[in-house]
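Okay, so here's the structure we're looking at.
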Amino acid sequence: MKLVRTRQELTEIVTQWHKDGETIGLVPTMGSLHEGHLTLVRELDGKATRRIVTIFVNPIQFNNPDDFQLYPRGLDADEALLAQTGVVDVLYAPDETQIYPPGFCTRITVSGPDKMLCGGDRPGHFDGVATIVTKLFMQTRADIAAFGEKDFQQLCIIRRMVTDLDLPVTILPVPTVREADHLALSSRNRRLTAAQRQQATHLPQALQDCLAALKAGKPVAATLERCTQTLKDAGFAVHYLDLRSEKTLAPSEKADPGTRLFVAASLGDIRLIDNMPLA
Ligand code: PAF
């Protein structure tokens, strides 16, 4: 695995790969890698002949400067983890100048699905995500890119963007990877104290209880309210707990197949998100 730090070196590599008829698989990340990221890498088995993982903590998708500063980072550990997989060809870890050169002033604007869920309390977040993901698609010239369903809204927005902008890349969705107690893997979990990590178990538990109640025919609004209260009682600040269509992300009053529960809740200053499908 080669560590590449500049856009120019990356361009030389991917241009040669395309000449040689290789297909390029991309896993874009912000580092602090865990088993969830490695699953994204493995899901490209048989779908790409070359694999690039990118690590870039993208400042323009953080609406809170403290959150950006505190985002966990550790390139050496990430590099070692990826090298161990034996299947990653390039780790692209650019600094800010390679991504946002002086004078940078062009952004992708997402409308509609960015105003709800995480877009509601993180204004500009999805514009920042759409912009960096497009730049990474262009820089890596990826044919296929893997995204986790844990960030389901992000996945929907990227799929929509690929259609809207005719981007020549296939999006591969990958189911959420969970700890033994069902907490969704996330780089942010590293910031939880031991006590918060215990508390965090209530998040997937509340979603599972909520799903069970909805499947048993309990009314949607009252069930969501009860689960929200359970999370508050467990010490969470709840940003949202919604039942929404998987396709449009519109709120659903009926617990039908094709709907999904979405939650964002914080423990202290650590914001956790999760989602689970009804069917
Ligand atoms: O999901 C993430 O880690 C980030 O939002 C992404 C897609 C790498 C863009 O910075």
Side-chain angles (χ1 to χ4, degrees), residues 4 7 10 24-41 43-44 51-65 67-75 77-79 81-82 88 90-96 98-100 104 107-110 113-114 117-119 121-140 142 144-162 165 167 169-177 184-191 262 264 270-275:
V4 173
R7 193 187 152 195
L10 182 70
I24 301 176
L26 168 68
V27 178
T29 82
M30 296 205 297
S32 198
L33 302 179
H34 50 65
E35 189 52 36
H37 297 109
L38 301 186
T39 302
L40 298 178
V41 170
E43 285 293 314
L44 289 168
R51 277 175 257 212
I52 302 177
V53 175
T54 63
I55 295 183
F56 180 67
V57 185
N58 175 34
I60 70 164
Q61 73 184 73
F62 288 82
N63 53 312
N64 174 349
D67 196 21
F68 174 64
Q69 290 305 333
L70 291 170
Y71 198 85
R73 291 161 171 90
L75 184 59
D78 287 344
E79 190 181 354
L81 203 61
L82 289 174
V88 177
V90 163
L91 164 58
Y92 179 48
D95 68 17
E96 224 176 298
Q98 303 298 307
I99 300 287
Y100 301 121
F104 178 86
R107 284 189 196 210
I108 304 235
T109 305
V110 182
D114 77 311
L117 299 172
C118 289
D121 56 356
R122 300 187 72 190
H125 168 67
F126 287 115
D127 291 355
V129 170
T131 303
I132 184 63
V133 168
T134 304
K135 286 191 63 94
L136 292 172
F137 286 165
M138 303 307 285
Q139 292 195 3
T140 62
I144 181 165
F147 290 87
E149 287 186 351
K150 178 180 158 280
D151 297 296
F152 199 85
Q153 186 178 13
Q154 168 173 283
L155 173 64
C156 292
I157 286 174
I158 289 167
R159 276 177 148 160
R160 185 71 241 175
M161 177 181 80
V162 164
L165 300 183
L167 301 179
V169 58
T170 300
I171 301 302
L172 179 69
V174 178
T176 304
V177 182
L185 294 192
S186 164
S187 305
R188 289 172 195 269
N189 294 354
R190 295 202 183 156
R191 293 191 50 227
F262 293 86
I270 305 164
R271 190 176 193 278
L272 302 175
I273 60 171
D274 201 352
N275 65 84

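We use all heavy atoms of the structure for the numbers below, so side chains are in, but hydrogens, waters and symmetry mates are not. Every number for a ligand or one of its atoms is a count from 1 in the order of the listing. In this text, all values refer to a predicted model and were calculated from it rather than measured experimentally.
A donor-acceptor pair under 3.5 Å is absent between the side-chain atoms of Asp78 and the main chain of Met30, judged by distance alone.
Contacts between Thr29 and ligand 1, counted as non-hydrogen atom pairs separated by less than 4.0 Å, involve the backbone only.
Closest to atom 10 (O) of ligand 1, if we only count protein heavy atoms, is Gln61 OE1, 2.6 Å.
By the 4.0 Å N-to-carboxylate-O rule, Arg271 lies too far from Asp67 to be salt-bridged with it.
The distance from ligand 1 to the heavy atoms of Ile132 drops below 4.0 Å at these ligand atoms: 9 (C), 10 (O). Near Gln154, the atoms of ligand 1 lying under 4.0 angstrom from a non-hydrogen atom of the residue are 1 (O), 2 (C), 4 (C), 5 (O), 7 (C).
Listed by chain and number, the residues in a side-chain hydrogen bond (donor to acceptor under 3.5 Å, both in side chains) with Arg7 amount to none (sequence neighbours excluded).
Open room surrounds CZ on Arg107; 12 or fewer heavy atoms of other groups in view lie less than 6.0 Å from it.
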